[in-house]
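Remarks on the structure that follows.
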Number of protein chains: 2
Amino acid sequence: MDDISPIRAKSGTNQEGTSAHNRRVMIEALRLNGALSRADLARATQLTKQAVSNIIEDLESDGLVVALDAVRKGRGQPSTPYRLVPEGAFAIGLHIDRHLTRAVAVDLMGSVLARAEANLPFDEPSKGVEIILELIAGVRRDLAGISSQSEKRLVGLGVAMPGPFGLKDSDDKWMMPAWQKFPLLETLAKGTGLNVGLQNDAAACATAERIVGAAHGVDHAVCLYVGYGIGAGLILNGELYSGGHGNAGEIGMALLAPAGPGSTPLEHRASLASLYQHLGLNPADSDIYEQMNALVLAEDAKMMAWIDGAAHDLRWSVHLIETIFDPQTVILTSGAPEALARRLVEAMHPLLPSIADRPARMLPRLQLGTTDPWSIALGAAAAPISRAFDPLFSAILKTRSAPA
Amino acid sequence: MDDISPIRAKSGTNQEGTSAHNRRVMIEALRLNGALSRADLARATQLTKQAVSNIIEDLESDGLVVALDAVRKGRGQPSTPYRLVPEGAFAIGLHIDRHLTRAVAVDLMGSVLARAEANLPFDEPSKGVEIILELIAGVRRDLAGISSQSEKRLVGLGVAMPGPFGLKDSDDKWMMPAWQKFPLLETLAKGTGLNVGLQNDAAACATAERIVGAAHGVDHAVCLYVGYGIGAGLILNGELYSGGHGNAGEIGMALLAPAGPGSTPLEHRASLASLYQHLGLNPADSDIYEQMNALVLAEDAKMMAWIDGAAHDLRWSVHLIETIFDPQTVILTSGAPEALARRLVEAMHPLLPSIADRPARMLPRLQLGTTDPWSIALGAAAAPISRAFDPLFSAILKTRSAPA
DNA sequence: TAATTAAGTCAAGCGAGTTGACTTAATGCA
DNA sequence: TGCATTAAGTCAACTCGCTTGACTTAATTA
């Protein structure tokens with residue numbers, strides 16, 4: 001039996017941890033700066049030229065980096081820049097939503113190489129998981145067609161679905177109660193043989209923005225995701241923060257006032273679900289996206305009214321987020337058509353005053369992130385990549401070996 | 001000139017980083033578990049007995065740990081537990097407030113060994129800093145009288161004062177504008193020869209709760225501090241989070257509604273400043289504490305009305321904090337008399353529903369923390385201790401050596 | 001052409017955790 | 001009583017990964 005020791009302590013580290021950290025630091029540096037020579041890397045990471053040389057040699061033989069042509073830039077021996085090899089690693093991302101599921105395969109750089117989607121029967125996980133496993137197998141086959149190395153270099157499967165997770169049983173259909181109870185991760189792990197990780201949809205959006213979007217290289221950012229529900233993905237100190245129980249950022253359930261008639265959850269005012277209800281749309285319609293787009297372009301009165309109302313609450317949400325987190329930037333992403341998201345951001349201006357309203361800002365207080373409906377699946381896929389290659393505190397620690 | 005390289009990268013690490021981390025892990029384990037044998041530590045930290053033995057030997061010769069009597073607990077050689085030596089390190093904490101300043105000296109365990117306070121002329125830093133330096137010199141002398149090692153083992157000076165910091169110039173007297181502009185840290189560093197760090201008062205409160213209070217050993221906690229203003233100290237992943245520009249948690253400026261008449265800052269409703277105003281008290285009165293206490297004990301109608309009003313907004317603040325951070329617990333601390341803080345917490349119940357309302361909680365959703373008016377100074381002092389001895393990601397990284 | 005500058009390599013060194021055998025000192029059972 | 005068992009802790013050789021300092025290579029500049 002694996003009874004846990006009552007002693008509380010963090011794990012120690014050793015040379016393996018050192019090496020793992022340094023490799024990750026190199027990879028991140030190349031990711032953020034495009035291409036760097038060994039000498040550049042040595043200066044940037046504070047390591048010696050020799051240490052960097054050894055690590056780069058390692059990474060090159062692992063197929064994670066390649067040398068580019070030498071460049072002459074003044075006196076001295078020309079430097080040989082290295083860059084990441086996109087095909088150095090792959091991951092699968094899965095987005096499970098109420099009526100739909102999407103799977104993508106991405107490479108180390110976060111480029112989507114294969115994608116597939118399917119309808120899901122509502123809240124019937126035992127049927128749904130069959131569909132999902134087939135979907136995953138599909139993109140995995142597609143990926144194998146692109147790279148013969150794909151299976152060997154597959155670092156994991158990331159799953160994103162609406163949270164929150166692990167609360168008390170709910171009959172709220174909104175919450176997909178059957179999925180909440182279903183042993184999803186175990187089933188997927190068994191069905192795919194991959195490492196599986198879970199995050200909520202907003203966190204996945206933030207992960208996507210960080211790997212290829214507006215949060216690239218930004219260590220303190222909050223990503224507001226306006227989808228069927230609404231949530232916030234938190235990038236704090238360069239890592240995704242998920243709270244004591246994995247539900248940080250689930251702001252859809254935040255009440256808009258302490259009591260009284262205004263005390264409704266944010267989700268009821270500023271989410272696509274609220275939009276569908278306001279406009280009498282059916283989210284199961286296959287052309288729902290086009291319907292929304294048309295209404296925005298036509299400046300439909302009811303649509304505009306919803307935008308104004310949602311913007312009113314979102315403007316305030318941004319104010320609260322800035323006041324609480326003091327981020328470098330807030331990114332608004334959405335599952336809605338880009339035109340709608342853009343109108344929403346415009347309607348949120350002017351922003352409320354806050355501590356973010358400082359003299360020398362590098363980044364805008366609020367920016368529009370991606371509105372690609374595949375971005376949640378992309379973010380889900382980016383999570384295992386990040387776990388495997390980003391410099392994380394947890395990555396230096398010794399891992400508890402499985403008990404005999 | 002120290003022009004910063006345009007290359008963005010994290011710093012690498014080496015054996016020194018490994019060793020530093022492991023020492024810190026040992027210290028934290030002893031702090032959290034009281035006393036542990038080398039074998040216990042080896043199991044808890046995943047290191048080998050031998051590695052632990054070497055580290056403990058080191059720490060012992062550095063005077064940071066001592067062996068206790070061997071204990072027999074079943075078969076096998078008796079184990080020799082070790083515990084932290086309180087006199088292993090000291091730090092000075094400084095609390096600067098609008099009319100008052102306090103300094104304390106603490107040991108490694110967070111026990112206050114010396115304390116002193118003085119009045120400050122309002123918002124006149126050039127005069128104030130003289131008083132402060134003298135105050136610090138005083139507790140430093142007292143400390144030297146207690147331990148001959150004190151100077152050698154002094155790890156730094158922590159400063160806590162009301163934030164936010166670094167915003168655009170303000171004429172708001174509330175913000176202590178002259179202090180905002182004054183080069184405080186440089187002056188104190190020069191005047192004391194110590195390493196100086198700064199945090200806001202709520203962060204200091206959280207640091208205090210973490211070293212000796214309700215957040216001891218809790219990795220995800222939010223500490224609401226109701227003082228002259230109101231703020232939140234954020235313990236995330238076991239470290240204090242201070243945001244992109246050091247102002248995370250400054251929720252006093254959070255507006256209570258997106259627009260309209262209810263759109264006032266939280267600080268105007270739930271802070272001691274608002275209480276003073278509501279009751280017509282003068283915060284500069286020397287017996288203000290007793291006055292408040294008497295009013296609470298007498299159940300004065302205006303006092304009770306203020307408590308109800310503040311509790312109304314605070315209840316909602318807790319709801320928002322839980323929804324955003326998903327912490328293990330929320331701690332309410334205050335500069336007010338304990339009776340008042342206790343009534344406030346009582347008045348906040350029942351709490352609003354939130355994701356924190358989960359089946360198997362280990363810790364209460366809301367608990368009353370310390371109301372000792374010295375706790376901010378204590379937290380300020382705990383910050384350099386934490387920087388020096390807690391396992392932090394930053395502690396493993398190589399530090400950029402000062403340019404020639 | 002020679003001096004200068006910078007990238008990158010070589011080989012020895014060193015520090016910190018690891019390994020496996022050993023010692024010490026209890027308990028438990030015959 | 002005596003011996004097997006169990007667990008704490010030590011010893012000494014080892015390994016791994018970064019460091020050091022000298023050296024090589026290849027460009028620019030005077």
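Throughout, a chain's letter reflects where its sequence line sits, starting with A, and its residues are numbered from 1.
- Here the C1' atom of nucleotide dC16(D) and the CG atom of Asp58(A) are 12 Å apart, to the nearest Å.
- Heavy-atom minimum distance, Ala44(B) versus Ile7(A): CB-CG2, 3.6 Å.
- Each of Asp40(A) and Thr13(A) was matched to the nucleotide of DNA chain C holding its nearest heavy atom; the match closer to the 5' end belongs to Asp40(A).
- A donor-acceptor contact shorter than 3.5 Å is absent between the side chain of Gln328(A) and the backbone of Ala221(A).
- An OP1 or OP2 oxygen of dC16(D) is reached within less than 4.0 angstrom by no side-chain nitrogen or oxygen of Asn14(A).
- For Glu16(A) and dC16(D), a side-chain-to-base donor-acceptor distance below 3.5 Å is absent, hydrogens and geometry of angles not being considered.
- One atom, CD1 of Ile55(A), and another, P of dG17(D), lie 10 Å apart when rounded to the nearest Å.
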Donor-acceptor contacts, no H, no angles, side chain residues 22-32 of chain A, under 3.5 Å, sequence neighbours left out:
| residue | atom | partner | partner atom | Å |
| --- | --- | --- | --- | --- |
| Asn22(A) | OD1 | Thr13(B) | N | 2.7 |
| Asn22(A) | ND2 | Thr13(B) | O | 2.8 |
| Arg23(A) | NH1 | Asp58(A) | OD2 | 3.4 |
| Arg23(A) | NH1 | Asp62(A) | OD2 | 3.3 |
| Arg23(A) | NH2 | Asp62(A) | OD2 | 2.9 |
| Arg24(A) | NH1 | Arg387(A) | O | 2.9 |
| Arg24(A) | NH1 | Asp390(A) | O | 2.6 |
| Arg24(A) | NH2 | Arg387(A) | O | 3.0 |
| Arg24(A) | NH2 | Ala388(A) | O | 3.2 |
| Glu28(A) | OE2 | Lys10(B) | NZ | 3.3 |
| Arg31(A) | NH1 | Leu108(A) | O | 3.0 |
| Arg31(A) | NH2 | Leu108(A) | O | 3.2 |

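- Between Arg38(B) and Pro78(A), the one whose closest nucleotide on DNA chain D sits nearer the 5' end is Arg38(B).
- Comparing Gly74(A) and Leu47(A) by the nucleotide of DNA chain D whose heavy atom lies nearest to each, the residue mapping closer to the 5' end is Leu47(A).
- Along DNA chain C, read 5' to 3', the first and last nucleotides having any atom under 4.0 Å from a heavy atom of chain B are dG15(C) to dG28(C).
- By the neighbour-count criterion of 12 heavy atoms within 6.0 Å, atom CG of Asn195(A) is sparsely surrounded, having that number or fewer from other residues, nucleotides or ligands.
- Rounded to a whole Å, the CD atom of Gln15(B) is 10 Å from the P atom of dG17(D).
- Rounding to the nearest 0.5 Å places CZ of Arg38(B) at 14.0 Å from CG of Leu47(B).
- Of the residues in residues 17-34 of chain A, Thr18(A), Ser19(A), Asn22(A) come within less than 4.0 Å of DNA chain D through at least one heavy atom, sorted by number.
- At a threshold of 4.0 Å, the pair Lys398(B)-Glu16(B) does not count as salt-bridged, since none of the basic side-chain nitrogens sits closer than that to a carboxylate oxygen.
- Aromatic ring centroids of His220(A) and Tyr241(A) lie 6.0 Å or more apart.
- Map Thr48(B) and Arg72(B) each onto its nearest nucleotide of DNA chain C; the residue landing nearer the 5' end is Thr48(B).
- Across all non-hydrogen atoms, the minimal contact from Ala380(B) to Gln199(B) is CA-OE1, 3.9 Å.
- Checked against the 6.0 Å centroid threshold, Phe393(B) and His21(A) count as a close aromatic pair.
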